[in-house]
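Report on one structure; see the data block that follows.
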Amino acid sequence: VLMRKRDRADPHFARYLHESLAAHSERKLTKQHGNFSPYYLPQEAMMHPERQPFADGAPDPVPLNLWWKESPELERAFRLRLKDAKSFEQMHATHRDA
């Protein structure tokens with residue numbers, strides 16, 4: 001519903017303005033809350049915490065599969081995806097995804 005007179009005068013610009021402000025708000029929230037994602041990828045220094053020595057006769061530990069380290073583009077994309085991660089799933093997909 002176009003409540004303002006200027007929105008009724010130019011409804012196409014009103015919709016453009018609404019969509020651009022909504023996109024800006026979403027980008028701002030992503031940037032603001034990305035650091036507080038429930039999922040994160042630790043930095044290299046935190047990848048190997050101190051562990052107890054394995055008992056005698058125990059099988060050798062499985063080496064870590066650092067698949068995101070294969071290329072810088074893959075790691076960048078993976079870190080961006082983890083920032084968007086939520087601790088819940090949305091019930092319905094947004095109709096704006098293209």
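For clarity, every value in this text was computed on a predicted model and none was experimentally measured.
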(message) Using 0.5 Å steps for rounding, measure from the NE2 atom of H12 to the CG atom of L17.
(response)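 That separation rounds to 14.5 Å.
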query = Hey, what do you get for CG (L66) to CD (E75), rounding to the nearest 0.5 Å?
reply =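 The distance works out to 9.5 Å.
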Over all heavy atoms of both residues, which pair between R8 and M3 is shortest? Give the atoms and the distance, please.
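What the structure gives for the nearest pair is NH1-O, 2.9 Å.
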Apart from V62 itself, members of its ILVMFWY cluster (side-chain separation under 4.5 Å) are none
List the residues meeting side-chain contact (heavy atoms from CB on, under 4.5 Å) with R6, not counting sequence neighbours, and say none if there are none.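 If we apply the side-chain contact (heavy atoms from CB on, under 4.5 Å) test to R6, skipping adjacent residues, the hits are R4.
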* **Qualifying residues under side-chain contact (heavy atoms from CB on, under 4.5 Å), relative to R15, sequence neighbours excluded** =>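 For R15 the side-chain contact (heavy atoms from CB on, under 4.5 Å) partners, ignoring immediate neighbours, are E19.
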### Query
Taking a hydrophobic cluster as the set of Ile, Leu, Val, Met, Phe, Trp and Tyr residues connected by side-chain heavy atoms closer than 4.5 Å, whether directly or through intermediates, do L21 and F13 fall within one such cluster?
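Result: yes, single cluster for both.
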